[in-house]
Amino acid sequence: MEGHSSGVGRIIVLIFCVAGIWSAYITQGVLQETLSTKRFGPDGKRFEHLSFLNLAQSVVCLIWSFMMIKLWSRNSRAGGAPWWSYWSAGITNTIGPAMGIEALKYISYPAQVLAKSSKMIPVMLMGTLVYGIKYTLPEYVCTFLVAGGVSAFALLKTSSKTISKLAHPNAPLGYGLCFLNLAFDGFTNATQDSLTARYPKTSAWDIMLGMNLWGTIYNLIYMFGRPHGSGFEAVQFCKQHPEAAWDIFVYCLCGAVGQNFIFLTISRFGSLANTTITTTRKFVSIVVSSLLSGNPLSAKQWGCVILVFSGLSYQIYLKWRKLQRREKKKPM
């Protein structure tokens, strides 16, 4: 009976994690799209300073991680990576997401989500060209499905209704920013892995604190470092349009809460479960965007979306199978 109750408990926690990640990041996606396409106030002004979202997110996540360390991980600093060691990853973690958000001026939200879902392509390219890693045929099939789906989606004509909502429609620039975002993310992840290998006692909250501390510093310098910096204009816009300020605050809160659930999922169920939840969340985000935000996708575009997520789902299945084989090889 005890095993059965613990199994039910794990299922409840998993459902809780799925609900937390989906609700936080789908809401954040809707708000991100709203802030990039909506016209605020009677004057119908757009919120042009989308990089301000990056600063606001860094500040909220910095405060959040500091609170979590004080509440739950009082001894986590002992033996953890020193705060100054995050400076280089902080640069790429500032520039990368800013480029991803900025891309929404030029391409639709579904297009941005699809482009950012093709993370495995630069990883495999770098692995093959730089490190001489050989991948299996099924791994190449996954990459082909994702690359083909994203490429076909990019080449298909976007509806005039969607284009009219964009601030400065420019597909090549939008997709270019997304792929640069992925490249910077790759460096950020590699640096974080290096830090956790060097300092094994580094907790997830320590990483969150260090990354967002440097992110806050860099963004403050970029946005407020000169007399007429874009940060001052963004603050002025929020004063004149409180609705935009509220959307930004909820957007940041969703990011912090979402990270909380991601850490919980990884600690309880592993990174594979987390990858599965976040991948399916991206697909649901596209569906929600299409239904709520009036971004109609054609039948061919839906075909491309299904192609991409078929590739991602197959990749998750391959990882699961590899994990099962590894578990069987372990001595009893």
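Because the structure is a prediction, the values reported are computed rather than measured.
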Please answer: with hydrophobic residues joined when any side-chain heavy atoms are less than 4.5 Å apart, are Tyr175 and Leu156 in the same cluster?
no
Are any non-hydrogen side-chain atoms of Ile277 and Trp22 less than 4.5 angstrom apart?
yes
Near-ring test Phe237/Phe47, centroid separation under 6.0 angstrom:
yes
Would you list the pairs meeting salt bridge (Lys or Arg N to Asp or Glu O under 4.0 Å) in which at least one residue belongs to residues 231-250, sequence neighbours left out?
Lys38-Glu243
Rounded to the nearest 0.5 Å, the CD1 atom of Ile207 sits from the OG atom of Ser85 at a distance of 9.5 Å
Let me confirm one number: the OG-NZ distance from Ser65 to Lys70, rounded to the nearest 0.5 Å.
11.5 Å
Please tell me whether Trp83 and Ile221 are part of a single hydrophobic cluster in this structure, the criterion being side-chain heavy atoms less than 4.5 Å apart.
yes
Going from CD on Gln112 to CD on Glu33, what distance comes out if it is rounded to the nearest 0.5 angstrom?
9.5 Å
Between Pro82 and Tyr199, is any pair of side-chain heavy atoms under 4.5 Å apart?
yes
Donor-acceptor list for residues 95-105 side chains, cut-off 3.5 Å, not counting sequence neighbours:
unit_1	atom_1	unit_2	atom_2	d
Glu102	OE2	Lys105	NZ	2.7
Lys105	NZ	Glu48	O	2.9

Closest heavy-atom pair, Leu35 versus Leu50, reported as atoms and distance to 0.1 Å, is O-CD2, 3.9 Å
Are the side chains of Thr280 and Val18 in contact, using a 4.5 Å heavy-atom criterion?
no
Co-membership, hydrophobic cluster, residues Leu213 and Trp84, 4.5 Å side-chain
yes
Looking at side-chain heavy atoms only, is the closest gap between Tyr86 and Asn93 below 4.5 Å?
no
Just wondering, do Asn260 and Trp205 contact through their side chains at under 4.5 Å, heavy atoms?
yes
Between Ser108 and Leu297, is any pair of side-chain heavy atoms under 4.5 Å apart?
no
Donor-acceptor under 3.5 Å (Thr202 side chain, Ala81 main chain):
yes
Assess the residue pair Val59 and Leu220 against the criterion (side-chain contact (heavy atoms from CB on, under 4.5 Å)); give the C-alpha distance rounded to whole Å, side-chain angles, the decisive distance to 0.1 Å, and a yes or no.
CA-CA 10 Å; Val59 171; Leu220 280 171; 5.9 Å; no
Pair Asp185, Thr188: side-chain N/O donor-acceptor within cut-off below 3.5 Å
no
From Leu312 CG over to Lys282 NZ, what is the distance, rounded to the nearest 0.5 angstrom?
7.0 Å
Is the side chain of Ser118 donor-acceptor paired with the backbone N or O of Ala115 at a distance under 3.5 Å, no angle test?
yes
Test of understanding: with ring pair (Phe, Tyr, Trp, His ring centres under 6.0 Å), list the residues that count as partners of Phe224, not counting sequence neighbours.
Phe232
Please evaluate residues Leu182 and Phe179 with respect to the criterion side-chain contact (heavy atoms from CB on, under 4.5 Å), reporting the C-alpha separation (whole Å), side-chain torsions for both, the decisive distance (0.1 Å), and the verdict.
CA-CA 5 Å; Leu182 290 179; Phe179 290 121; 3.8 Å; yes
Do Leu71 and Leu62 belong together in a cluster built from hydrophobic side chains that touch within less than 4.5 Å?
yes
Any donor and acceptor pair, going by atom type alone, linking the side chain of Thr92 with main-chain N or O of Ala89 inside 3.5 Å?
yes
For residues 307-323, the side chain to side chain donor-acceptor pair (under 3.5 Å) pairs (sequence neighbours left out) are none
Distance-minimising heavy-atom pair for Leu318 and Cys142:
CD1-SG, 3.8 Å
Tell me, with the steps shown, if Leu307 and Phe144 meet side-chain contact (heavy atoms from CB on, under 4.5 Å).
CA-CA 10 Å; Leu307 201 65; Phe144 176 76; over 6 Å; no
If you take all heavy atoms of Gln57 and Cys252, which pair is closest and at what distance?
NE2-O, 3.0 Å
Smallest heavy-atom separation, Ser23 atom then Ala19 atom, equals OG-O, 2.6 Å
Tell me the closest heavy-atom pair linking Ser117 and Val146, and the distance in Å.
O-CG1, 4.2 Å
Hey, could you give me the CD1/CG distance between Ile107 and Leu166, rounded to the nearest 0.5 Å?
8.5 Å
Who pairs with Phe153 by ring pair (Phe, Tyr, Trp, His ring centres under 6.0 Å), at least two apart in sequence or on another chain?
none
Pair listing, side chain to side chain donor-acceptor pair (under 3.5 Å) test, anchored in residues 211-232, at least two apart
none
To check you understand the geometry: which heavy-atom pair defines the closest contact between Arg10 and Arg268, and what is its length?
NH1-O, 3.5 Å
Flag side-chain contact, heavy atom, 4.5 Å: Asp43 against Lys45
yes
Pair Met68-Gln259, side-chain contact (heavy atoms from CB on, under 4.5 Å): steps then yes or no
CA-CA 12 Å; Met68 290 297 111; Gln259 284 190 36; over 6 Å; no
Rounded distance (nearest 0.5 Å) linking atom CZ of Arg281 with atom CD1 of Ile262
8.0 Å
In terms of hydrophobic clusters joined by side-chain contacts under 4.5 Å, are Ile306 and Val284 together?
no
Side-chain heavy-atom pair Val235, Phe52 within 4.5 angstrom cut-off
yes
